[in-house]
Amino acid sequence: GAVVSQHPSWVICKSGTSVKIECRSLDFQATTMFWYRQFPKQSLMLMATSNEGSKATYEQGVEKDKFLINHASLTLSTLTVTSAHPEDSSFYICSARDQAPRGPNTEAFFGQGTRLTVV
Amino acid sequence: KQEVTQIPAALSVPEGENLVLNCSFTDSAIYNLQWFRQDPGKGLTSLLLIQSSQREQTSGRLNASLDKSSGRSTLYIAASQPGDSATYLCAVRRINFNKFYFGSGTKLNVKP
């Protein structure tokens, strides 16, 4: 299947600093990528939909200025957690769908996730 | 609103057993349903994708069924192995919504 690569796989940062997480589709192009957050022993919560060349669409309750998303190319989306606090510590996962074939029925592929710990 | 429920939340079985994981969803207007596997601290691995027009999909020892009208899907695992131990998530893609709705998962433990 298609490969979605996420980097870094884990990161520890100090409170108040910013952290950038990258999500790449390695063998396909994705006009849309998705960013999820997962708390321990819970399911995935969609944070935002990243659209290539345009602004991201955020889910209700997700702070746009806190979680900056950039989707500058068809193979790369980045999530930047700004001014991180301990409560931002979580597991972040990105997802992408191959834009070809077209249509909503294509399979979604997920990155390996990034464990963020804010100390 | 689409709600996805998975039962049971956890399951422990001896090696070799056949087992069924359940997923139910409230809105039958879906494009497709996808089953995933997640190992601890890892991302998601896609197992099976069932389109709304399909009844089932098979891959090796895995078989997933979909009854869209009743809002149910099952994942059947034949001859379970310790390597099958993981959390299994189902997700539906709702028509006119460009996102997945995930269940809370079933944590499976297959004992040697």
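In what follows, chains are A, B, ... by sequence order, proteins preceding strands, each numbered from 1.
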Open item on the list: Check for me, please, whether A:F110 and A:M45 land in the same ILVMFWY cluster - side-chain distances under 4.5 Å, paths through other members count.
Closed with: no
Open item on the list: Would a single hydrophobic cluster contain both A:V81 and A:V119, if residues Ile, Leu, Val, Met, Phe, Trp and Tyr are joined by side-chain heavy-atom contacts under 4.5 Å?
Closed with: no
- [ ] Kindly check if the number of other-residue, nucleotide or ligand heavy atoms within 6.0 Å of NE2 (A:H85) is above 12?
- [x] yes
TODO: Determine yes or no for a side-chain-to-main-chain donor-acceptor pair under 3.5 angstrom, with A:S43 supplying the side chain and B:G103 the backbone.
DONE: yes
Task: Closest-packed option against chain A by number of heavy-atom pairs under 4.5 Å, given B:G41, B:P40, B:A91 - done: B:G41
- [ ] Would you mind checking which part of B:L89 comes under 4.5 Å of any heavy atom in chain A, side chain (CB onward), backbone (N, CA, C, O), both or neither?
- [x] side chain
Task: Derivation of the ring pair (Phe, Tyr, Trp, His ring centres under 6.0 Å) call for B:F102 and A:Y36 - done: CA-CA 11 Å; B:F102 277 88; A:Y36 294 85; 5.5 Å; yes
Open item on the list: I need the A:L44 CG to B:F36 CZ distance, nearest 0.5 Å.
Closed with: 9.0 Å
TODO: Under 4.5 Å heavy-atom distance to chain B, tell me which part of A:I93 shows up: side chain, backbone, both or neither.
DONE: side chain
Open item on the list: Counting neighbours of NZ on A:K55 that are heavy atoms of other residues, nucleotides or ligands and sit closer than 6.0 Å, is the number greater than 12?
Closed with: no
- [ ] Establish whether B:L33 and B:I77 are linked, either directly or via other cluster members, by ILVMFWY side-chain heavy-atom contacts under 4.5 Å.
- [x] yes
Task: Under 4.5 Å from a heavy atom of chain B, the part of A:Q38 involved - done: side chain
Task: Shared hydrophobic cluster, B:L48 / B:Y76 (ILVMFWY, side-chain heavy atoms < 4.5 Å) - done: no
Task: ILVMFWY network linking A:F34 to B:F100, side-chain heavy atoms under 4.5 angstrom - done: yes
TODO: For each of B:G105, B:G43, B:S104, B:A9, tally heavy-atom pairs with chain A at distances under 4.5 Å, and name the one with the top tally.
DONE: B:G43
Open item on the list: Need one label for B:Q38: side chain, backbone, both or neither, based on atoms under 4.5 Å from any heavy atom in chain A.
Closed with: side chain
